[in-house]
Amino acid sequence: MTFSEPTTIGMRIDAVIASLESLPRANPEILYASLIGASLMFSFLVLNSGGSSMALPDGGDADSLNKPKKISNAKPVSSSDEPQPKWHILRLTNYVVTFGFLLSVLKFASNATTYLDDSTSLLQFLIIWSISMCYFFGFFGISFIELDELESEPQNHQHQMHRKPMPTKDSAEPPVKVVKMHPPASSAPVCTDPTSFKKPSPSIPANIKELSNGEIASLVLQDKVKDHQLEKLLDPHRAVEVRRLKVDNQLDSLGRGGALAELPHKHDLDYKRVLGANCEIVVGYIPIPVGMAGPITLNGESVYIPMATTEGCLVASTNRGCKAITQGSGAVSSILRDGITRAPCVRLPSAKEASEVFLWIERPENFQKLKEVFESTTSFGKLLEARPTVAGKNVYIRLRCFAGDAMGMNMISKGSLAVIECLRQVFPNISLVALSGNMCTDKKAAAINWIEGRGKSVVIEATIPKGVVRSTLKTSVPAIVEANVNKNLIGSAMAGVVGGFNAHASNNVTAVFLATGQDPAQNVESANCITLMEETPEGDLWISCTMPSIEVGTVGGGTGLPAQAACLKAIGVKGGGENPGDNAKQLAHVVAAATMAGELSLMAALASNSLVAAHMTHNRKPASK
Ligand SMILES: CC(C)(COP(=O)([O-])OP(=O)([O-])OC[C@H]1O[C@@H](n2cnc3c(N)ncnc32)[C@H](O)[C@@H]1OP(=O)([O-])[O-])[C@@H](O)C(=O)NCCC(=O)NCCSC(=O)C[C@@](C)(O)CC(=O)[O-]
Ligand SMILES: NC(=O)C1=CN([C@@H]2O[C@H](COP(=O)(O)OP(=O)(O)OC[C@H]3O[C@@H](n4cnc5c(N)ncnc54)[C@H](OP(=O)(O)O)[C@@H]3O)[C@@H](O)[C@H]2O)C=CC1
């Protein structure tokens with residue numbers, strides 16, 4: 001086995017020892033201790049010479065982890081967790097050399113016979129020697145197994161951060177570009193001061209009422225009079241006349257002059273009621289046919305259902321469903337829950353503070369405070385629940401309130417502002433991001449409405465004798481049950497619907513909404529429905545519709561307009577009920593009954609495959625000659 005030439009380092013150590021031996025004999029204790037100290041210092045320096053060290057950003061004290069970190073200008077350490085192999089060998093060589101140096105020092109010391117004669121010196125030697133060996137192997141032991149420990153910052157043990165060799169120009173990872181963090185955008189709404197956006201209004205001619213409609217229309221076209229100010233200057237009906245002239249002029253420039261001629265604007269629409277409640281920049285109204293389905297027996301009473309629709313066949317179909325239900329047990333409808341919701345989004349400087357708001361709201365005594373301020377804004381509304389949800393720094397507070405006979409969106413929105421003000425007294429750092437944080441959830445398909453409900457949560461049922469299923473619905477019980485399972489349950493499940501386990505609930509919800517002055521956009525969540533059908537032991541058909549979020553009112557919104565009010569009157573629910581809320585609840589029952597009648601008839605048509613024939617008859621006018 002050939003040995004390599006002795007290393008120059010080995011020769012150097014011998015030279016050192018030889019020179020030491022040539023020194024005059026000093027006191028062995030002093031000599032020995034200084035040698036051990038020198039070799040320990042040497043080994044410490046050698047062992048630490050390669051480690052990289054960087055002050056922790058902002059001093060690295062324990063608290064700094066909780067403070068938002070300022071990214072220093074120091075280059076971030078390399079992301080590699082593995083020491084480079086080359087560096088490993090170099091350091092190992094250092095250890096071997098140092099160990100050899102120490103052993104040679106010991107060898108030298110052990111030759112000093114005079115020094116070791118008496119037991120005291122021997123004891124001293126052994127103590128110093130064992131301490132130094134522990135210290136030395138401590139280096140070896142720790143560093144040999146976990147190289148990284150050697151590099152941790154000695155001053156902070158709670159959170160030792162690994163330090164890797166700084167990336168050099170030829171190291172594998174390119175240095176990561178330091179990006180300055182932007183402070184979070186201010187969450188105060190942009191239009192915090194609406195007046196700051198007020199545009200100067202043009203001066204209005206004093207004699208405007210003496211001018212002709214055409215002259216006023218041209219003033220509007222010249223932007224000397226604001227279109228949307230006409231109702232303030234003229235009788236609302238005249239304002240509509242003038243506006244039609246102005247709009248027709250504009251359409252004419254697009255080659256569509258006279259287009260509005262067929263749009264009715266006279267007679268029954270009371271524009272005084274519309275102004276400030278239902279529509280702006282009015283040029284007329286859309287007459288939608290209103291069919292009257294029924295009567296249907298609902299909770300023991302006979303009810304007619306007004307439906308505004310342009311879908312031929314829909315009213316006939318619902319009418320057939322009403323007939324079949326009435327020939328059977330009649331519809332039995334129950335209200336499970338009644339409360340409209342609004343979920344403001346507020347924001348705090350930290351998630352910690354957001355959690356404090358969450359926990360504060362959850363305490364019953366604090367909910368009472370919110371209830372008090374909410375109810376100070378309305379004579380009918382009652383705050384039933386405040387359910388917070390945290391997402392980071394945001395808290396979404398889903399407020400649910402009883403709204404009497406109103407659908408309640410204006411009511412609860414107004415009350416929500418009072419709740420926010422109350423929270424701001426307790427949490428000055430709170431800021432309102434949006435009054436509607438979308439967990440309400442208004443006019444959007446959302447599981448929260450399907451699961452938690454919104455507005456009136458209703459379940460309705462009926463039993464149809466098998467003979468009626470055959471004679472009126474033209475199908476059989478097994479066939480319609482089979483169609484329902486495979487279409488409304490399995491088919492909807494495969495489509496991944498949220499609340500859409502039904503055939504066409506939206507058809508009837510929307511038709512009744514339009515006829516009775518509801519907010520038609522709320523048909524999204526109001527049409528949440530699961531339609532279930534079973535064959536009873538007697539072979540009859542049992543049907544139910546469960547609708548957790550029907551949002552209706554019989555006061556407010558469009559319910560005050562003459563045509564819509566007439567339909568509410570036909571149902572028997574116009575205006576406020578004897579007890580606040582009675583009329584709105586009854587309207588919810590009617591919406592559910594219309595839906596169930598529609599489900600019954602359409603499912604029968606699908607089970608008997610007569611849908612297309614029916615629509616060709618009722619939903620397609622032969623092309624006019
Ligand atoms: C059209 C019917 C009712 C005929 O139904 P029928 O049984 O052939 O007609 P009938 O002459 O035997 O009359 C039976 C009953 O139906 C009613 N009825 C019958 N005709 C009328 C009429 N003109 N006007 C008012 N009511 C009518 C009326 O109650 C009548 O009883 P009667 O009064 O004679 O004692 C039936 O074929 C039907 O309901 N078809 C289903 C049509 C339907 O439901 N369409 C809904 C819209 S489709 C859609 O948009 C949703 C969809 C399909 O896309 C959703 C999905 O994906 O599933
Ligand atoms: N603001 C919003 O974010 C949204 C608004 N909407 C719209 O809001 C309108 C509906 O708002 P809504 O609050 O229902 O109605 P309104 O704002 O039209 O007015 C309802 C008010 O009528 C008073 N009132 C009188 N009698 C009764 C009674 N028996 N029961 C209940 N209230 C009664 C109450 O006044 P008081 O409370 O002062 O006692 C109640 O707040 C619709 O036009 C809809 O389109 C829809 C979605 C969102």
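First listed ligand is number 1; within each ligand, the first listed atom is number 1.
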Between Q522 and ligand 2, does any nitrogen or oxygen pair lie at a separation below 3.5 Å? no
Go through the side-chain N and O atoms of T510 and N523 and say whether any donor and acceptor fall under 3.5 Å apart. yes
Can you tell me the protein heavy atom closest to atom 55 (C) of ligand 1 and the distance? A503 O, 3.3 Å
Could you check whether atom 11 (O) of ligand 1 has a protein contact, counting only heavy atoms that fall below 4.0 angstrom? no
Protein heavy-atom partner closest to atom 1 (N) of ligand 2 - residue, atom, separation in Å: N410 OD1, 2.8 Å
Pairwise distance CG(N583) to CD(E578) - rounded to 0.5 angstrom: 9.5 Å
Atom 58 (O) of ligand 1 within contact range, any protein heavy atom under 4.0 Å: yes
Between R273 and G560, is there a donor-acceptor pair closer than 3.5 Å when you use the side chain of the first and the backbone of the second? yes
Establish whether atom 49 (C) of ligand 1 and some protein heavy atom are separated by less than 4.0 angstrom. yes
Please state which protein non-hydrogen atom is closest to atom 6 (N) of ligand 2 and give its distance, to 0.1 Å? M409 CB, 3.7 Å
Does the side chain of S526 come under 3.5 Å of the side chain of E551 through a donor N or O and an acceptor N or O? yes
Any idea which protein heavy atom is nearest atom 38 (O) of ligand 2, and the distance to it? K414 NZ, 3.7 Å
R342 N/O to ligand 2 N/O under 3.5 Å: yes
What is the closest protein heavy atom to atom 45 (O) of ligand 2, and at what distance does it sit? D519 OD2, 2.8 Å
Is the backbone of L383 close enough, under 3.5 Å, to the side chain of E375 for a donor and an acceptor to pair up by distance? yes
How does A403 reach ligand 2, by side chain, by backbone, by both or by neither, if only non-hydrogen atoms under 4.0 Å count? backbone
Give the atom numbers and elements of ligand 1 that come within less than 4.0 Å of a heavy atom of H618. 1 (C), 23 (N)
Taking the minimum heavy-atom distance to atom 29 (N) of ligand 2, which of T559, D405, V555 ranks first? D405
How far is atom 37 (O) of ligand 2 from its nearest protein heavy atom, and which residue and atom name does that atom have? T378 OG1, 2.7 Å
Pair K371 + E385, salt bridge at N-O below 4.0 Å: no
With distance as the sole test, does N579 use its side chain to make a donor-acceptor pair with the main-chain N or O of D582 at under 3.5 Å? no
Under 3.5 Å donor-acceptor, R337 side chain and E452 backbone: yes
Give the contacting part of D442 toward ligand 2: side chain, backbone, both or neither, where contact means a heavy-atom distance below 4.0 Å. side chain
Is a side-chain donor-acceptor pair under 3.5 Å present for T341 with R454? yes
Does ligand 1 have a heavy atom under 4.0 Å from the side chain of S317, from its backbone, from both, or from neither? both
Flag H504 as yes when one of its N or O atoms lies below 3.5 Å from any N or O atom of ligand 1, and as no otherwise. no
Thinking salt bridges, do D405 and K585 make one under a 4.0 Å N-O criterion? no
Side chain, backbone, both or neither: the part of S379 lying under 4.0 Å from ligand 2 by heavy atom: both
Using a strict 4.0 Å threshold on nitrogen-to-oxygen distance, state whether E372 and K369 make a salt bridge. no
Taking C529's backbone N and O only, do any of them form a donor-acceptor pair with N502's side chain (distance below 3.5 Å, no angle check)? yes
When only distance counts, is N319 in polar contact with ligand 1, meaning an N/O pair under 3.5 Å? yes
N/O separation below 3.5 Å, G557 to ligand 2: yes
Could you go through Q564 and T516, starting from their C-alpha distance and side-chain angles, then the distance that decides it, and tell me whether this counts as side chain to side chain donor-acceptor pair (under 3.5 Å)? CA-CA 5 Å; Q564 288 82 344; T516 59; over 6 Å; no
Select one of side chain, backbone, both or neither to describe which atoms of N507 lie under 4.0 Å from any atom of ligand 1, heavy atoms only. side chain
Report yes if some N/O of M411 lies less than 3.5 Å from some N/O of ligand 2; otherwise report no. yes
Closest approach of any protein heavy atom to atom 14 (O) of ligand 2, naming residue and atom: G408 N, 2.6 Å
